[in-house]
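A short write-up of the structure that comes next.
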Amino acid sequence: MPSSAEEALGPANLTVGGETIELPVQQPTLGRKTIDVSSLGQHGLAVFDPGYADTAAYTSAITFVDGEAGRLYFRGYPVEQLATSHSFLEVAYLLIYGELPGAEAADNFVAKVRDPKLAIHVGIERMFDTFPQSMHPMAMMSIATEALTAYADEDAGLDARARVEQAGIRLLSSMPVFAGYAHAVLRGVAHGKSNRSLDYVEDFLQLCFSLPGSDHLPDNATARALNTLLILHADHELNCSTATLRMVASSGASFYAGVSAAINALWGPLHGGANQEVIRMLQEIKDSGKPLSAIIDKAKDKNDPFRLMGFGHRVYKTTDARARVIRQIALDLVEKLAPEDPLLEIAMKLEEVALADDYFISRRLYPNVDFYSGIIYRAIGFPDAMFTPLFVLGRSAGWVAHWLEMASGPGRIGRPTQFYNGSAERNVPARPGAS
Ligand code: CMC
């Protein structure tokens, strides 16, 4: 285990078949004491850890989730302190470079991200024109990101880290435009034009809502709320998509290929795709007219694969740090933009019933980031399929930071082992009739 500020503790002794192996133990800056098991292979041993729930595969100094306390820290700063006091790009800078930018550094960073030279290549624009309206925007985002490998021209003269930094800036620059274009495909209309003189979030909103057939342009309060949502989604340490990104990075593949893979991992309904599923679930509750207890019973039924979407988390054992802020935004914004939307009330009642139920109490299942975010996106006017791409917009900042962190340190290809339970060695039977 690499060491820096971490505290070395006395070793753990593991006794297997009469042999005692000493394993180093360290206390990270924050989090659980960690046993270094990297020498176990030399003793013919492996550890079994489905879902990697108790395995630290990397060291990282970017983000820490305190699941017991329901706190989330970016570079040591509590996320709720950053959420309304800074712009999304300032928080992206913090994640990427480790410190909050001063005024000049912030301006320079914004100028780099908004540089007209980073406008989307016409080849990628044409790709969006060919996407069918039935394609999910997460697929469009992933394909467009992968296509950057052909159209981006990171300076070959730079060292590996500086090239990734340049690519990261291009990613942050491109993502709102990709999402805006995907929104236009969903609506079946020609995409609009990015206006790089506008603020990052305002430009994204005008790209989505100046389309033919749009009846309103979101106001400043909506832009501020979306800025906060992007910050709350900006990073979340080694979740499924970021672990995917790091896995791809470890093979030496390109940055854009890694982000494209991470987008696909995020799409799943157990991960970022849950925000779309929550709305589907709430809508079903409304349309079916069934009592909330019926949906709770279904979620508790072990013979039914259904789960209460927007509830539970691998790390949080109390309300998700982000969910508290998002709930309040939902209450404020929905009252203003869509007071007639019945889904907010259904969500609040469902939360109340679940939090009083022994099944959820005993398993420590609480609302996560996705429980209320879809209700906000819906009130702004986004169709359900756009909710997970909005998650991508925020998370792109974290993906840049994680890739850069990997590019800066010694790496080892990601290659978990397995607990093999197939056939032992056997001989291929002779074919009937063969001599
Ligand atoms: N509804 C019903 N039961 C649940 C739920 C749920 N939403 N979540 C967990 N459980 C039960 C689970 O069945 C298990 O029960 P038992 O001990 O009787 O077998 C117990 O709680 C522990 O769950 P787990 O499956 O071991 O937990 P996990 O850490 O592997 O999964 C999770 C975490 C988020 C995938 C899961 O809680 C879930 O499926 N939630 C619903 C989907 C969701 O909202 N995902 C968004 C996560 S937050 C956004 C992000 O990914 O960053």
Side-chain angles (χ1 to χ4, degrees), residues 48-55 62-68 70-72 74 79 138 229-245 262-282 284-285 292-327 347 350-351 353-377 384 387-399 402:
F48 183 61
D49 182 19
Y52 313 121
D54 299 308
T55 295
I62 302 168
T63 294
F64 180 73
V65 181
D66 182 341
E68 287 297 323
R71 307 291 306 277
L72 168 62
F74 291 165
V79 75
M138 286 297 276
L229 279 151
L230 294 186
I231 291 173
L232 294 171
H233 286 86
D235 195 39
H236 213 234
E237 46 154 275
L238 270 186
N239 52 80
C240 178
S241 52
T242 304
T244 300
L245 177 104
I263 290 172
N264 286 316
L266 187 71
W267 188 0
L270 298 187
H271 192 11
N275 55 14
Q276 184 177 358
E277 294 303 318
V278 169
I279 296 299
R280 205 194 304 265
M281 174 183 79
L282 296 174
E284 267 171 32
I285 295 174
L292 293 177
S293 55
I295 203 91
I296 294 284
D297 287 346
K298 192 168 157 61
K300 287 156 55 171
D301 183 354
K302 293 293 171 200
N303 297 315
D304 190 322
F306 173 77
R307 287 184 162 203
L308 196 61
M309 299 313 288
F311 255 74
H313 198 274
R314 171 62 59 80
V315 185
Y316 290 114
K317 297 302 161 210
T318 179
T319 299
D320 181 328
R322 306 161 294 177
R324 282 194 297 271
V325 184
I326 289 180
R327 188 181 197 274
L350 187 61
E351 179 187 13
V353 175
L355 291 181
D357 190 291
D358 210 44
Y359 175 95
F360 291 88
I361 296 170
S362 61
R363 287 170 181 75
R364 304 177 74 190
L365 303 172
Y366 291 84
N368 60 48
V369 69
D370 292 318
F371 194 65
Y372 284 104
S373 60
I375 290 173
I376 300 173
Y377 299 146
D384 301 4
F387 299 172
T388 318
L390 286 159
F391 199 146
V392 171
L393 285 198
R395 188 52 54 85
S396 295
W399 290 337
H402 281 271

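Start at 1 and go down the list; that is how both ligands and their atoms are numbered.
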Any side-chain heavy atom of [X] sitting closer than 4.5 Å to one from [Y]?
{"X": "V353", "Y": "S293", "result": "no"}
{"X": "W267", "Y": "V392", "result": "no"}
{"X": "H402", "Y": "D235", "result": "yes"}

Distance-only N or O hit between ligand 1 and [X], under 3.5 Å:
{"X": "L270", "value": "yes"}
{"X": "N368", "value": "yes"}
{"X": "M309", "value": "no"}
{"X": "F360", "value": "no"}
{"X": "H236", "value": "no"}

Test applied, side chain to side chain contact (heavy atoms under 4.5 Å, CB included); reference residue, R395; option that passes from L245, N239, L390:
N239
4.0 Å protein heavy-atom contact status of atom 44 (O) of ligand 1, strictly under
yes
Checking the side chain of [X] only, and the main-chain atoms of [Y] only, is there a donor and an acceptor separated by less than 3.5 Å?
{"X": "D320", "Y": "T318", "value": "no"}
{"X": "N275", "Y": "G374", "value": "no"}
{"X": "E237", "Y": "V65", "value": "yes"}

Which protein non-hydrogen atom lies closest to [atom], naming both residue and atom, and how far is it?
{"atom": "atom 41 (C) of ligand 1", "value": "F311 O, 3.3 Å"}
{"atom": "atom 32 (C) of ligand 1", "value": "R307 NH1, 4.3 Å"}
{"atom": "atom 50 (C) of ligand 1", "value": "H271 ND1, 3.4 Å"}
{"atom": "atom 34 (C) of ligand 1", "value": "G312 O, 3.7 Å"}
{"atom": "atom 1 (N) of ligand 1", "value": "L308 N, 3.0 Å"}
{"atom": "atom 11 (C) of ligand 1", "value": "Y359 OH, 3.4 Å"}
{"atom": "atom 21 (O) of ligand 1", "value": "R363 CD, 3.3 Å"}

Does ligand 1 have any atom sitting under 4.0 Å from a heavy atom of A299?
yes
Is it true that K300 lies under 4.0 Å from ligand 1, counting heavy atoms only?
no
How would you list, by chain and number, every residue that makes a side-chain hydrogen bond (donor to acceptor under 3.5 Å, both in side chains) with E351, sequence neighbours excluded?
R327, Y372
State which residues pass side-chain hydrogen bond (donor to acceptor under 3.5 Å, both in side chains) with R314; sequence neighbours excluded, sorted by chain then number.
none
Considering residues, nucleotides and ligands other than Y359, do more than 12 of their heavy atoms fall under 6.0 Å from its OH?
yes
For ligand 1, note which part of [X] has a heavy atom under 4.0 Å away: side chain, backbone, both or neither.
{"X": "L365", "value": "side chain"}
{"X": "V369", "value": "side chain"}
{"X": "R314", "value": "both"}
{"X": "K302", "value": "side chain"}

Is there a ring-ring contact (aromatic ring centres under 6.0 Å, His included) between Y316 and H236 once you walk through the steps?
CA-CA 11 Å; Y316 290 114; H236 213 234; 5.4 Å; yes
For ligand 1, which atoms, with element, lie under 4.0 Å from some heavy atom of [X]?
{"X": "A274", "answer": "43 (C), 44 (O), 45 (N), 46 (C)"}
{"X": "G310", "answer": "43 (C), 44 (O)"}
{"X": "D370", "answer": "46 (C), 48 (S), 49 (C)"}
{"X": "H313", "answer": "34 (C), 37 (O), 48 (S)"}

Between R364 and Y366, is NZ or CZ placed under 6.0 angstrom from the six-membered ring centre and within 45° of the ring axis?
no
Should the pair H271 and F391 be assigned to parallel (<30°), tilted (30 to 60°) or perpendicular (>60°) ring geometry?
perpendicular
Please state whether the rings of F371 and F311 are parallel, tilted or perpendicular, taking 30° and 60° as the class boundaries.
perpendicular
